[in-house]
Amino acid sequence: MMKRTVIQTDQAPAPVGPYNQAIAASGTMLFVAGQVSLDPKTGTIVGEGDVEAQTQQVMKNLEAILKAAGADFGCVVKTTVFLADMNDFATVNAVYSQYFDEASAPARACVEVSRLPKDVQVEIECIAMMT
């Protein structure tokens, strides 16, 4: 079984969203490529111009890949969120927090980038640990 331990210290800044400072994990590593809001059936962008709808689709895409590997969001130890506009941070966090419990959420980085594939507003990649 995968061992996953949340690491927290008051000697570093507390998280400002649904993530933890670090996760210690053992098991088989799964690296999930960055996902954007493409509908897997049609190949079209879901939620064009709507970062909330795009984030929901991104999370569905991540969930499908994790499931195909025999994992779930509880196995995720690290995510990276790429935003076209950092002003969307709160909206993305609201959706993201529906998938990760704040107490056990993975470590995370969030960066604003100048452009994302297909001009979407959000892309998320993750690393998961499996048994």
### Task
List in chain and number order the residues that pass side-chain hydrogen bond (donor to acceptor under 3.5 Å, both in side chains) with Asn87, two or more places apart in sequence or in another chain; answer none if no residue qualifies.
Asp85
### Summary
salt bridge (charged side-chain N to carboxylate O under 4.0 Å, His left out) pairs touching residues 87-105, sequence neighbours excluded, are none
### Message
Just to verify, what does Thr5 make a side-chain hydrogen bond (donor to acceptor under 3.5 Å, both in side chains) with, not counting sequence neighbours?
### Response
none
### For Ala105 against Pro18, the heavy-atom pair lying closest together
CB-O, 3.3 Å
### Message
Tell me whether Gln54 contacts the main-chain N or O of Gln121 through its side chain, where contact means a donor paired with an acceptor under 3.5 Å.
### Response
yes
### Close side-chain approach of Gln57 and Pro40, heavy atoms under 4.5 Å
yes
### Message
Donor-acceptor pair, distance only, cut-off 3.5 Å: does the side chain of Ser37 make one with the backbone of Val46?
### Response
yes
### Message
By the ring-ring contact (aromatic ring centres under 6.0 Å, His included) test, which pairs, at least two apart or in different chains, include something from residues 101-131?
### Response
none
#### Entry: Connected hydrophobic set around Val113, excluding itself, where side chains approach under 4.5 Å
Val36, Leu38, Ile45, Phe82, Val111, Leu116, Val120
### Task
Kindly compute the distance separating OG1 (Thr44) from NZ (Lys118), expressed to the nearest 0.5 Å.
9.5 Å
### Task
Kindly write out the residues that satisfy side chain to side chain contact (heavy atoms under 4.5 Å, CB included) with Ala69, not counting sequence neighbours, or none if the list is empty.
Leu30, Met130
### Message
Applying the side-chain contact (heavy atoms from CB on, under 4.5 Å) criterion to Thr91, which one of Val122, Val51, Leu83 satisfies it?
### Response
Val51
### Query
Considering residues at least two apart in sequence or located in another chain, which fulfil the side-chain hydrogen bond (donor to acceptor under 3.5 Å, both in side chains) criterion with Thr55?
none
## Note on the structure
Applied to residues 11-23, the side chain to side chain donor-acceptor pair (under 3.5 Å) test, sequence neighbours excluded, yields Gln8-Asn20
## Note on the structure
For residues 104-116, the side chain to side chain donor-acceptor pair (under 3.5 Å) pairs (sequence neighbours left out) are Asn93-Arg108, Arg115-Asp119
### Message
Going by side chain to side chain contact (heavy atoms under 4.5 Å, CB included), name the residues that satisfy it together with Ile127, two or more places apart in sequence or in a different chain.
### Response
Met29, Phe31, Val77, Lys78
## Note on the structure
Heavy-atom closest pair (Val76 atom, Cys126 atom, distance to 0.1 Å) is CG1-CB, 3.9 Å
#### Entry: Closest non-hydrogen atom pair between Ala53 and Gly47, with its separation
CB-CA, 3.8 Å
#### Entry: From OG1 (Thr80) to CD1 (Ile124), nearest 0.5 Å
9.5 Å
### Message
By the ring-ring contact (aromatic ring centres under 6.0 Å, His included) test, which pairs, at least two apart or in different chains, include something from residues 35-79?
### Response
Phe73-Tyr99, Phe73-Phe100
### Task
Scan residues 46-74 for pairs that pass salt bridge (charged side-chain N to carboxylate O under 4.0 Å, His left out), counting only residues two or more places apart or in two chains.
none
### Query
Hey, is the main chain of Met129 close enough, under 3.5 Å, to the side chain of Arg4 for a donor-acceptor pair?
no
